[in-house]
Protein chains: 2
Amino acid sequence: MDTGQRQGQRTATERRRKELLEAADRVVLRDGPEASMNAIAAEAGITKPILYRHFGDKSGLYRALAQRHTDALLASLRAALDSGNDRRDRVEATLHAYLAAIETRPQVYRFLMHPAEAPGDGEKGFDGGRHSSSLLRRMGEDLAEVIAERLDLGPQSQELARVWGHGIVGMMHAAGDWWLSERPVSRDQLVSHLADLLWGRLAAAGDRAGSPGL
Amino acid sequence: MDTGQRQGQRTATERRRKELLEAADRVVLRDGPEASMNAIAAEAGITKPILYRHFGDKSGLYRALAQRHTDALLASLRAALDSGNDRRDRVEATLHAYLAAIETRPQVYRFLMHPAEAPGDGEKGFDGGRHSSSLLRRMGEDLAEVIAERLDLGPQSQELARVWGHGIVGMMHAAGDWWLSERPVSRDQLVSHLADLLWGRLAAAGDRAGSPGL
DNA sequence: CCTGGTTGTTACTTGCGGTAACATCAGTCT
DNA sequence: AGACTGATGTTACCGCAAGTAACAACCAGG
């Protein structure tokens with residue numbers, strides 16, 4: 001049996017792959033998501049074809065790269081969802097975890113939201129809005145799952161949970177993106193304002209005097 | 001004085017520009033945002049350099065192209081915000097307007113959210129998350145403005161309005177994007193679920209029996 | 001007639017993603 | 001030992017897209 005050797009080879013290739021991913025990571029974090037395959041190969045001390053052997057094409061590399069960061073971020077969000085004493089605490093902790101992540105490593109964040117899709121990416125024509133980063137989708141689905149399993153939402157709970165999951169994630173994302181680029185308020189304030197929004201303060205607020213009303 | 005002639009030239013070039021934009025529009029709607037400058041030029045019956053003379057570079061063309069659609073969409077959203085009888089009606093009408101737009105013209109939607117940024121796009125390095133489409137930002141700012149001028153939110157109303165504007169827009173966007181690609185529910189249901197979320201039903205829902213609580 | 005500006009062209013450069021063909025070295029099978 | 005396998009690595013190339021000269025033609029006004 002040659003599994004002994006096969007195993008050795010296997011782990012060796014995987015170690016190599018990991019090294020390549022780390023090199024790619026450095027380059028992407030330094031040069032942004034538009035980093036060329038040549039640049040990444042150079043950083044790893046090799047040449048292009050090797051990258052292609054390991055990852056197929058650019059989007060393959062980027063997917064592998066994205067998954068590591070995505071997994072890490074999702075784990076921290078899940079942890080935050082299990083912390084705190086009441087629901088508001090948990091929601092605020094999760095928002096904090098997300099915002100802290102994008103604040104401390106904006107390059108990673110930018111990369112994750114912008115997977116730099118392959119130019120010739122399969123079917124053409126009416127394919128709807130399939131552009132979005134898979135991170136948003138995964139976060140939305142994960143949150144939906146948590147909501148569905150922990151909250152009692154009556155008959156349509158499945159649909160509701162998914163809509164809310166994606167909606168809340170989108171809210172967090174867009175607000176975070178805007179906040180990151182302008183920093184008009186502190187993180188604490190941002191979190192608190194977003195939680196207020198989720199707690200229905202928009203519906204409860206009074207119309208301004210003399211306005212047509214909202 | 002040659003202003004007469006200059007004016008004539010001026011309007012002529014602008015008419016030409018408009019024609020070029022319309023050709024570009026057709027191509028982008030047919031081939032997606034990755035349409036090449038060559039293809040666009042061919043559709044317009046001319047060659048590349050003319051496009052470059054009019055729009056500088058690809059991102060210039062795309063910005064011009066995006067602005068037309070963005071303006072149209074924003075106008076329809078503003079109209080929706082002024083319709084209806086109570087606040088919930090108005091919010092639902094706005095959600096409907098947005099979702100109807102992306103539903104009936106997904107290619108336009110995809111293009112707007114994905115401006116296909118120029119490869120060498122200016123400053124490098126730590127530039128935070130400046131990736132996002134300008135449409136989201138404009139919608140967020142517009143909504144913030146409406147909220148601030150119509151709602152009485154106490155002392156921090158400016159901050160609150162902006163956070164909410166971007167947050168709500170992000171919620172609408174992410175939920176819409178997900179919905180467009182999976183179509184798990186009807187548009188009416190989606191709108192109603194999202195409005196429920198904004199109306200604080202997440203905070204009000206009860207914990208499921210036996211769950212750790214959310 | 002000639003000069004200046006606009007419209008258009010062809011032909012080029014540069015840089016990217018991706019691939020083919022070839023060389024090499026390590027361990028395995030007989 | 002020597003042939004076989006399979007991974008690592010190379011150079012050199014293809015095709016294509018963005019962007020840029022450099023040149024040709026037309027059409028005013030002096």
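Within every chain, numbering begins at 1; the chains are lettered A, B, ... in the order of the sequence lines, protein sequences first and strands thereafter.
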Rounded to whole Å, how long is the line connecting atom [atom1] of [X] with atom [atom2] of [N]?
| X | N | atom1 | atom2 | answer |
| --- | --- | --- | --- | --- |
| R16(A) | dG6(D) | CZ | C1' | 16 Å |
| M37(A) | dG18(C) | CE | C1' | 9 Å |
| L61(A) | dG18(C) | CG | C1' | 13 Å |
| R15(A) | dT8(D) | CZ | P | 11 Å |
| E34(A) | dA18(D) | CD | C1' | 15 Å |
| D31(A) | dG15(C) | CG | P | 15 Å |
| N38(A) | dA12(D) | CG | C1' | 13 Å |
| D57(B) | dG19(D) | CG | P | 5 Å |

Please answer whether the main-chain N or O of [Y] pairs with a side-chain N or O of [X] as donor and acceptor at a distance below 3.5 Å.
| X | Y | answer |
| --- | --- | --- |
| E159(B) | Q156(B) | no |
| W164(B) | H193(A) | yes |
| S192(B) | D188(B) | no |
| Y62(B) | P33(B) | yes |

Considering only NZ, NE, NH1 and NH2 on the basic side and carboxylate oxygens on the acidic side, decide whether [X] and [Y] come within less than 4.0 Å.
| X | Y | value |
| --- | --- | --- |
| R30(B) | D25(B) | no |
| K58(B) | E34(B) | no |
| R88(A) | D196(A) | yes |

| task | Please state whether the phosphate of dT9(C), meaning OP1 or OP2, lies under 4.0 angstrom from any side-chain nitrogen or oxygen of R53(B). | result |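 So the side chain of R53(B) is outside the cut-off, no N or O lying under 4.0 Å from OP1 or OP2 of dT9(C).
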
| said: Report for the helix from dC1(C)-dG30(D) to dT30(C)-dA1(D): angle between first-end and last-end helix axes, five pairs each, rounded to 10 degrees. | reply: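 Answer rounded to 10°: the end axes differ by 30°.
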
| Among dG19(D), dA7(D), dG8(C), which is the nearest nucleotide to the side chain of T13(A)? |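 Nearest listed nucleotide: dA7(D).
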
N/O donor-acceptor pairs under 3.5 Å from side chains in residues 75-83 of chain A, not counting sequence neighbours:
unit_1	atom_1	unit_2	atom_2	d
S76(A)	OG	L73(A)	O	3.0
D82(A)	OD1	R150(A)	NH1	3.3
D82(A)	OD1	R150(A)	NH2	2.4
S83(A)	OG	A80(A)	O	2.8

| field | Within residues 40-52 of chain B, residues whose heavy atoms come under 4.0 Å of DNA chain D | value |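 Only K48(B), P49(B), Y52(B) qualify.
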
| message | Does the Lys NZ or Arg CZ of R183(A) fall within the cation-pi geometry relative to W179(A) - under 6.0 Å from the ring centre and within 45° of the axis? | response |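 The answer is yes, since R183(A) meets both limits relative to W179(A).
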
